[in-house]
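Okay, structure first, notes after.
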Amino acid sequence: RKEVEQDPGPFNVPEGATVAFNCTYSNSASQSFFWYRQDCRKEPKLLMSVYSSGNEDGRFTAQLNRASQYISLLIRDSKLSDSATYLCVVNARRSGYSTLTFGKGTMLLVSP
Amino acid sequence: EPEVTQTPSHQVTQMGQEVILRCVPISNHLYFYWYRQILGQKVEFLVSFYNNEISEKSEIFDDQFSVERPDGSNFTLKIRSTKLEDSAMYFCASSGQGQSNQPQHFGDGTRLSIL
């Protein structure tokens with residue numbers, strides 16, 4: 001089983017649509033969770049951390065279910081500028097230090 | 001906003017040569033990392049560095065690789081005797097603290113092409 005698994009995508013949606021990304025992780029000792037976005041051939045950029053109680057940042061809502069080892073990201077009212085690859089990222093402490101494990105990402109294409 | 005900077009942006013090297021990739025982490029950060037991303041694949045952890053020593057490394061980070069913090073600002077990744085399969089984007093990252101809930105901030109990467 002892959003450490004962090006995401007929907008393969010790509011997702012093609014029109015502007016204004018709501019889109020949801022799903023992610024599962026295999027390491028039950030994982031402690032922190034993030035969504036990063038990555039534009040083509042660019043670096044990953046932090047979109048938001050994911051908290052156990054769920055959290056929202058403008059049009060973006062993240063949810064975490066530790067029992068199911070499942071993370072989600074919801075984007076409402078999608079914009080053209082949301083087109084990117086969305087990376088589910090899990091942080092587990094190994095030997096006392098944190099390391100990030102990335103999913104392969106789900107590409108989002110928002111069209112006019 | 002402070003950022004992680006990497007040089008060069010693109011490095012082309014003959015197979016078998018040594019390369020050094022350079023990074024300047026965010027100035028008050030204490031934890032430094034290298035990741036790589038082979039074209040079309042996921043971002044993979046290579047190594048983390050704290051207090052002038054390696055704190056964690058992955059299976060990828062074998063004897064071919066080394067890291068160094070030669071002065072107070074630079075953090076380097078050296079790859080000896082490069083192979084074709086070392087071609088990838090290499091990202092440096094830093095974080096203020098080592099706790100797992102601290103996000104890591106990435107530089108814009110060095111594209112390494114081995115010929």
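Just the heavy atoms: all of them, side chains too, but no hydrogens, waters or symmetry mates, feed the values below. Since this is a predicted model, take the numbers as computed values, not measurements. Residue numbering restarts at 1 for every chain, and letters A, B, ... go by the order of the sequence lines.
Following chains of ILVMFWY side-chain contacts shorter than 4.5 Å, one can reach Ile54(B) starting from Leu77(B), so the two form part of one hydrophobic cluster. Under a hydrophobic-cluster definition in which Ile, Leu, Val, Met, Phe, Trp and Tyr are linked whenever side-chain heavy atoms come within less than 4.5 Å, directly or via other members, Tyr33(B) and Leu21(B) are assigned to different clusters. The hydrophobic clustering, which links ILVMFWY residues whose side-chain heavy atoms are closer than 4.5 Å, places Ile114(B) and Tyr35(B) apart.
For Phe91(B), the part lying near chain A is the side chain, with the backbone staying farther off; criterion is any non-hydrogen pair under 4.5 Å. For Gln37(B), the part lying under 4.5 angstrom from a heavy atom of chain A is the side chain only.
Here the closest heavy-atom approach between residue Phe106(B) and residue Glu43(A) is recorded as O-CG, 3.9 Å. Of all non-hydrogen atoms in Val43(B) and Phe102(A), the two that sit nearest each other are O-CB, 3.5 Å. Minimum interatomic distance between Leu100(A) and Phe45(B) (heavy atoms only, all atoms of both residues): O-CB, 3.9 Å. The two atoms that bring Met89(B) and Arg41(A) nearest to each other are CE-O, 4.4 Å, heavy atoms only.
Annotation: the span from Lys42(B) atom NZ to Leu87(A) atom CG amounts to 11.5 Å, rounded to 0.5 Å.
Applying the 6.0 Å contact sphere to OH of Tyr51(A) captures no more than 12 heavy atoms from other residues, nucleotides or ligands. More than 12 heavy-atom neighbours from other residues, nucleotides or ligands sit within 6.0 angstrom of NZ on Lys83(B). Within 6.0 Å of CG in Asp63(B) there are 12 or fewer heavy atoms belonging to other residues, nucleotides or ligands.
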